[in-house]
Amino acid sequence: MIELKTPAELETMRAAGRVVAETLAAVHSRAEAGTSLRELDELARSVISDAGAKPSFLNYHPSWAPMPYPGCLCTSVNDAVVHGIPNDYHLTDGDLLSVDCGASIDGLHGDAAISFVVGTADPADHELIECAERALAAGVQAAQVGARLGDIAHAIGSIGRTAGYGLMAAYGGHGIGREMHEAPFVPNEGQPGRGLRLRPGLVLALEPMFLAGGRDEYRTGDDGWTQRTADGSRAAHVEHTVAVTEDGPVVLTRR
């Protein structure tokens with residue numbers, strides 16, 4: 001069932017989204033060569049708690065996962081696309097790090113992700129991240145009342161495909177609200193004019209995931225959570241929580 005949010009619920013989700021944005025900004029500032037992923041997760045836990053929110057990811061246990069998720073962040077490095085578990089890995093100069101964060105206030109969630117390079121950036125990594133960010137912006141712009149879900153999917157996917165990047169077919173965005181993952185599923189590739197018609201109060205987490213090698217194949221890591229590119233190429237993942245409103249799309253996960 002697809003649930004439309006009330007203005008009061010959108011305000012609460014906006015508050016949760018600000019916590020997510022503040023957390024990602026703090027993590028980005030702390031992420032440097034020598035910092036461990038676990039340290040970044042501990043920082044996120046502190047920021048979320050100090051804001052009076054709860055981490056959405058911690059102990060999340062979907063049916064396909066071998067265990068509850070053990071972190072507040074997903075920290076995916078280099079060939080890891082999404083769901084990288086924060087561990088004792090210490091970042092090195094040139095690592096491409098994607099950080100996904102969720103937080104809830106009064107049971108309503110916000111969800112966002114950023115990708116960036118630690119230290120010295122390879123131009124190819126910069127182009128990959130910039131393309132993902134551009135695709136996200138296009139997806140947000142397409143989230144208009146009366147448009148179709150396929151319009152968002154097409155806006156995101158056409159930018160990635162034109163640049164020659166791969167996309168993970170089974171992964172994409174999602175509805176969000178009382179649950180971190182709600183209907184509908186939002187693919188990162190599709191045909192314009194197709195699918196669910198967008199209505200005011202619909203809230204979607206849009207999240208392009210682009211694979212630098214150009215292939216769509218991926219594999220699950222040994223931890224049962226981390227999704228990696230099959231060819232070992234790098235990946236970028238960016239995300240915002242977006243409300244469809246009569247006044248246009250509103251990004252809820254900005255500071």
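Each residue takes its place number in the sequence, starting with 1.
In this structure a side-chain-to-backbone donor-acceptor pair under 3.5 Å is present from T35 to R30. Counting only distance, with no hydrogens or angles, the side chain of K5 and the backbone of I176 share a donor-acceptor pair below 3.5 Å. No donor-acceptor pair under 3.5 Å is formed between the side chain of H83 and the backbone N or O of G224. Using modelled atom types, one side-chain atom of R14 and one backbone atom of R254 make a donor-acceptor pair closer than 3.5 Å. Of the possible polar contacts, one joining the R197 side chain to the G146 backbone as a donor-acceptor pair under 3.5 Å is found. Side chain of S49 to backbone of R45: no donor-acceptor contact under 3.5 angstrom is found. At least one donor-acceptor pair under 3.5 Å links the side chain of D151 to the backbone N or O of G193. Side chain of R228 to backbone of R219: no donor-acceptor contact under 3.5 angstrom is found. Judged by distance alone, with hydrogens and angles left aside, the side-chain atoms of T23 form no donor-acceptor pair with the main-chain N or O of A44 at under 3.5 Å. Checked by atom type and distance alone, the side chain of D41 pairs as donor or acceptor with a backbone atom of L73 at under 3.5 Å.
Shortest non-hydrogen contact noted between H28 and I114 is CB-CD1, 4.1 Å. A163 and C131 get closest at one heavy-atom pair: CB-SG, 3.7 Å. When every heavy atom of A235 is checked against every heavy atom of T229, the shortest pair comes out as CB-CG2, 4.1 Å. Residues S56 and S104 approach most closely at OG-N, 3.6 Å, considering heavy atoms. Of all non-hydrogen atoms in T226 and G84, the two that sit nearest each other are OG1-CA, 3.4 Å. Pairing each heavy atom of T12 with each of I105, the nearest pair is CG2-O, 3.2 Å.
Rounding to the nearest 0.5 angstrom, the gap separating the CZ atom in F185 from the CD atom in E182 is 15.5 Å. Here the CD1-CG distance, from I85 to L37, works out to 11.0 Å after rounding to the nearest 0.5 Å. With rounding to the nearest 0.5 Å, the separation of CD in E22 from OG1 in T253 is 12.0 Å. Interatomic distance, OG1 of T75 versus CG of L40, reported as 7.0 Å (0.5 Å rounding). One finds the OG1 atom of T220 at 11.0 Å from the CH2 atom of W225 (value rounded to the nearest 0.5 Å). Note: D111 CG to C101 SG = 8.0 Å, rounded to the nearest 0.5 Å.
When only modelled atom types and interatomic distance are considered, T120 and D93 share a side-chain donor-acceptor pair under 3.5 Å. Side-chain polar atoms of T245 and D247 form no donor-acceptor pair below 3.5 angstrom. Checking E39 against H90 by side-chain atom types alone, no donor-acceptor pair falls below 3.5 Å.
With a 4.5 Å cut-off on side-chain heavy atoms, R38 and N87 count as touching. Side-chain contact between L108 and R178 is present, with heavy atoms from C-beta onward closer than 4.5 Å. Side-chain atoms of S98 and V81, non-hydrogen and from C-beta on, never get closer than 4.5 Å to each other. D100 places none of its side-chain heavy atoms less than 4.5 Å from the side chain of V82. Two residues are said to be in side-chain contact when any heavy atoms from C-beta on lie closer than 4.5 Å; L96 and L128 meet this criterion. Put simply, the side chain of H174 reaches to within 4.5 Å of the side chain of E207, judged on heavy atoms. Between D95 and N78 there is a side-chain heavy-atom pair separated by less than 4.5 Å. Contact check for L198 versus V145: no side-chain heavy atoms found under the 4.5 Å cut-off.
Partner of F57 under the side-chain contact (heavy atoms from CB on, under 4.5 Å) criterion, out of C74, P68, C72, P70: C74 alone.
By the 30° and 60° cut-offs, the orientation of the rings of Y218 relative to Y171 is perpendicular.
Under a cut-off of 6.0 angstrom, the local environment of CZ in R194 is sparse, with at most 12 non-hydrogen atoms contributed by other residues, nucleotides or ligands.
Ion pairing between R161 and D216 holds under the 4.0 Å rule for side-chain N and carboxylate O. Between R134 and E130 a salt bridge is recorded (basic side-chain N to carboxylate O distance below 4.0 Å).
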